[in-house]
Each structure stands twice: as C-alpha cells, then as structure tokens.
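The sequence lines fix the lettering, A, B, ..., with proteins before strands; numbering per chain opens at 1. The figures that follow rest on heavy atoms only: side chains count, while hydrogens, waters and symmetry mates do not.
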There are 2 protein chains.
Amino acid sequence: MTGHTDPNRLFTITELSEEVGATPRAIRFYEAKGLLAPKRAGQNRVYTYRDRARLLIILRGKRLGFSLALIKQYLDLYDADPTRKGQLPHLLRGSRQRIAELEAQRLDLEVTLDELREIEQMTLDAMRRLGVPEPDAGAGS
Amino acid sequence: MTGHTDPNRLFTITELSEEVGATPRAIRFYEAKGLLAPKRAGQNRVYTYRDRARLLIILRGKRLGFSLALIKQYLDLYDADPTRKGQLPHLLRGSRQRIAELEAQRLDLEVTLDELREIEQMTLDAMRRLGVPEPDAGAGS
DNA sequence: AAAGTAGTTGACGTAAAGGTGAAGTGGCGC
DNA sequence: GCGCCACTTCACCTTTACGTCAACTACTTT
C-alpha cells in the first residue's frame with residue numbers, strides 16, 4: 001500500500017510530463033522562466049518530488065488563468081526563507097495581496113456560476129412545459 | 001435617486017469604454033469577434049443597456065482567465081431562444097458543462113487560497129516568535 | 001467652407017505562452 | 001564503432017488579445 005509515494009523518487013522529464021500531462025517542451029519552458037530548477041545528471045534534468053509539486057502548482061495556476069510571471073511570484077512565497085527576518089513583512093504583504101485578489105476572483109466565479117445555474121433552471125422549466133424529455137444523466141458516447 | 005439607471009439610455013463607444021474601463025479599440029475587437037453587435041446610427045456604433053451588460057460579462061470572463069471564444073459560447077447561452085424547442089437540450093448540455101468546469105476551477109481556487117492562508121499564518125507566527133512588529137492594516141500610500 | 005472633434009476601417013506591430021523542427025550529444029546494445 | 005533513442009540547445013512559427021498609426025467620414029462650430 002505504501003511505497004508508491006516514495007519521497008526519494010526521481011523523475012526524468014518525460015516521466016514527469018506524462019504524469020502531469022504537460023509536454024517536455026513546456027516543462028523546459030517553465031524552467032527557462034525561472035519557475036523550476038531541477039538538478040542535472042550530466043546534462044539531463046532530474047526532478048524530485050518537490051519539483052513535481054511545484055509543477056503541479058504551476059499547472060493549477062495556469063488553469064486559474066494566471067500568467068507564468070504571477071505564478072512565479074506565488075512560488076517565491078513558498079520559497080521565502082522564514083529564518084530571514086527581513087523577508088517576513090514582505091512575505092506577509094505578498095500573501096495577503098494574493099489572497100485579496102483571489103477572493104475577488106472567487107466572487108466573480110460565484111456570480112457566473114449563479115447565472116449559469118439560472119440558465120439551467122430556466123431551460124429545465126421550458127423543457128418541462130414543452131414536454132421535451134430530459135436526456136438526464138446519460139452514460140455518454 | 002432614480003433616473004440615472006434609465007433603461008433606454010444609449011451609449012457611444014467612448015462613453016461605454018470610460019464607464020467600464022476598456023478601450024474603444026478593445027470594444028470594437030469584441031465586436032469583430034462576434035461578442036457584441038451594437039446598432040449603428042449611420043456609421044457610428046450605438047450601445048444599449050443590454051450591450052453594456054454583455055460587455056460587463058465579457059470583462060468578468062476575462063478576469064476569470066477565459067478566452068474570448070469561450071466567453072462567446074457563454075454569451076450564446078444567454079441568447080439562445082427558449083421558444084425554439086430544438087435548442088433546449090443543447091442549451092442544457094452547454095450550461096451544465098460550463099457549470100462543471102467552473103466548479104472545478106473553484107476547487108483549484110480554494111486550494112490555492114488555503115495554501116496562501118497557511119503561508120500567511122506561518123509568517124505571522126514566525127514574526128511573533130522573532131518579535132517583528134506587525135505593520136497590521138496600514139493605510140499605506 | 002474650413003477646422004475641429006468623434007468615430008470608422010484597415011494594416012501592421014507586439015507580448016505571452018508555448019509548438020515545431022533542425023542539428024548536435026551521450027550512452028546502450030551488439 | 002554503428003545505429004538508435006532520448007536528451008539537449010537554438011531559432012523560428014503560431015495564436016490570442018489587443019495597441020498603434022494612418023487615412024477617411026460625418027457632424028458642428030465658426
């Protein structure tokens with residue numbers, strides 16, 4: 001049951017790309033932009049679990065529509081060394097600002113969801129009134 | 001108190017652009033992409049309240065990171081004529097799919113927010129331990 | 001009618017986020 | 001020591017969402 005999450009496991013770029021669904025080219029691109037910094041074995045990139053976690057964060061950020069530059073700032077929050085006292089206020093400001101931005105985004109999201117649910121309801125009502133059968137929960141294809 | 005929301009009011013492109021914070025160029029671009037279709041007075045564009053509402057939806061979609069093509073699909077859900085029976089199942093599928101996508105996005109958003117709040121807490125803890133004063137709620141310039 | 005002010009189309013430019021292809025390198029099997 | 005494969009860098013190609021002129025038009029003011 002355990003073992004497939006071996007925290008010492010290393011990945012090649014193609015392993016990683018297949019696992020997360022990104023092309024090797026994209027992963028190298030993220031590195032070129034400073035979002036990743038894998039070790040090397042000779043000339044080949046070698047990724048740790050930590051690198052993998054960062055990559056997943058990058059992809060999530062992209063799903064949320066963030067630019068790579070913004071995602072980099074976010075990752076920098078993770079990397080900030082909490083033993084360096086001077087960084088702490090900056091870190092606090094950074095995370096609070098991102099929190100505020102994301103909460104605004106969540107508001108937009110919920111308004112949009114409400115609108116869509118309203119459309120869904122109106123559609124269902126119209127179908128009922130007009131006697132259109134609901135293809136409800138089809139096991140597709 | 002009433003009257004400034006006159007639903008018969010019309011807008012020029014620059015009025016509209018200033019009100020919503022988009023450039024005229026952008027607004028024309030949305031039209032070229034089929035997201036807006038204002039009337040014309042001679043050669044000039046004339047926008048109604050309905051056009052304005054659509055524009056606001058476009059901008060909200062952009063804040064959420066959607067492509068204009070996707071936003072167009074969303075607007076088409078609004079426009080779908082519910083009296084045309086044949087469209088109803090399609091409309092239902094469309095809105096349900098978008099709802100599913102947005103709910104996935106909301107999950108991503110909440111995970112990210114949780115992570116940021118964790119960073120914020122850890123930072124606050126570290127500052128307290130190290131005796132760094134909190135610039136808490138500054139009305140900064 | 002000339003000038004000014006909005007508005008219009010059209011062509012071209014640009015930045016971000018990659019995709020794509022060329023050309024070279026390193027190690028393995030045999 | 002040859003072929004093969006995955007890996008590398010380098011350079012250009014593409015799409016999206018506009019910005020930036022440039023030249024034209026249509027009222028309005030004087």
Side-chain angles (χ1 to χ4, degrees), chain A residues 9-48 51-52 54-76 98 101 105 108 112, chain B residues 9-48 51-52 54-76 98 101 105 108 112:
Chain A
R9 189 178 160 196
L10 299 177
F11 305 81
T12 75
I13 195 170
T14 35
E15 275 171 3
L16 197 54
S17 79
E18 283 164 12
E19 207 181 328
V20 307
T23 66
R25 182 65 185 84
I27 296 176
R28 286 184 210 109
F29 185 71
Y30 301 149
E31 180 178 350
K33 292 286 170 175
L35 307 196
L36 290 174
K39 299 269 165 54
R40 301 288 180 129
Q43 148 177 270
N44 290 23
R45 292 168 175 79
V46 174
Y47 297 85
T48 66
D51 293 321
R52 180 173 165 281
R54 287 178 75 91
L55 179 53
L56 291 174
I57 290 174
I58 294 169
L59 297 177
R60 197 179 61 212
K62 280 176 54 65
R63 284 197 301 275
L64 290 172
F66 301 156
S67 72
L68 293 186
L70 201 61
I71 295 171
K72 179 169 160 53
Q73 287 182 32
Y74 178 66
L75 288 170
D76 289 348
R98 304 268 39 237
E101 289 164 13
Q105 183 165 351
D108 274 336
T112 306
Chain B
R9 192 182 158 194
L10 299 177
F11 305 83
T12 76
I13 195 168
T14 35
E15 276 172 3
L16 196 54
S17 79
E18 282 163 12
E19 207 182 327
V20 307
T23 66
R25 181 64 184 86
I27 296 176
R28 285 187 208 108
F29 184 74
Y30 301 151
E31 180 178 349
K33 293 286 170 177
L35 307 195
L36 291 174
K39 299 271 164 53
R40 300 289 181 128
Q43 148 178 269
N44 291 22
R45 292 168 174 81
V46 174
Y47 297 86
T48 66
D51 293 321
R52 181 173 163 281
R54 288 178 73 91
L55 180 52
L56 291 174
I57 290 174
I58 293 169
L59 298 178
R60 196 180 62 210
K62 282 177 50 68
R63 285 198 300 276
L64 290 172
F66 302 154
S67 71
L68 293 185
L70 200 60
I71 295 170
K72 178 169 159 51
Q73 288 183 30
Y74 177 67
L75 288 170
D76 289 348
R98 304 268 40 235
E101 289 164 14
Q105 182 165 352
D108 275 335
T112 306

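Here the side chain of A/Ile13 is nearest to one of D/dC7, D/dC18, C/dT8, namely D/dC7.
Both B/Ala69 and B/Gln43 sit near DNA chain D, but only B/Ala69 has its closest nucleotide nearer the 5' end.
Between A/Arg98 and A/Glu101, at least one side-chain N (NZ, or NE/NH1/NH2) sits under 4.0 Å from a carboxylate O, which counts as a salt bridge.
To the nearest angstrom, P of C/dA6 lies 11 Å from CD of B/Glu15. Summarising the geometry, the separation between NZ on A/Lys72 and P on C/dA16 is reported as 15 Å, rounded to the nearest angstrom. Rounded to whole angstrom, the span from the CZ atom of B/Phe29 across to the C1' atom of C/dG13 amounts to 14 Å. In this structure, A/Ile58 places its CD1 atom 14 Å from C1' of C/dG18, rounding to the nearest Å. Separating the CD1 atom of B/Ile27 from the P atom of C/dA6 is a distance of 16 Å, rounded to the nearest angstrom. With rounding to whole Å, B/Leu16 atom CG is found 15 Å from C/dA6 atom C1'. Rounded to whole Å, the distance from CD1 on A/Ile71 to C1' on C/dG18 is 13 Å. Distance B/Arg25 CZ to C/dC12 P: 14 Å, rounded to the nearest Å.
For the pair B/Thr23 and D/dC18, the criterion of a side-chain N or O lying under 4.0 Å from OP1 or OP2 is not met. Regarding contacts with the backbone of D/dC7, a side-chain N or O of A/Thr14 is found under 4.0 angstrom from either OP1 or OP2. For the OP1/OP2 pair of D/dT9 and a distance below 4.0 Å, the side-chain nitrogens and oxygens of A/Arg45 include at least one atom meeting the criterion. The shortest distance between the side-chain N/O atoms of B/Thr12 and the OP1/OP2 oxygens of C/dA6 is not below 4.0 Å.
Distance check: B/Leu68 CG to B/Ile58 CD1 gives 7.5 Å after rounding to the nearest 0.5 Å. The CZ atom of B/Phe66 lies 9.5 Å from the CG atom of A/Asp108; values are rounded to the nearest 0.5 Å.
At a threshold of 4.0 angstrom between heavy atoms, the contacts of A/Arg28 include nucleobase atoms, whether or not backbone atoms are also involved. B/Lys33 comes within 4.0 angstrom of nothing in the nucleic acid, heavy atoms only. As judged by a 4.0 angstrom heavy-atom cut-off over every strand, B/Tyr30 is placed among residues touching the sugar-phosphate backbone only.
Side chains of B/Arg52 and B/Glu19 form a contact here, defined as non-hydrogen atoms less than 4.5 Å apart. Contact of the A/Thr48 side chain with the A/Leu10 side chain is registered, since non-hydrogen atoms from C-beta on lie closer than 4.5 Å.
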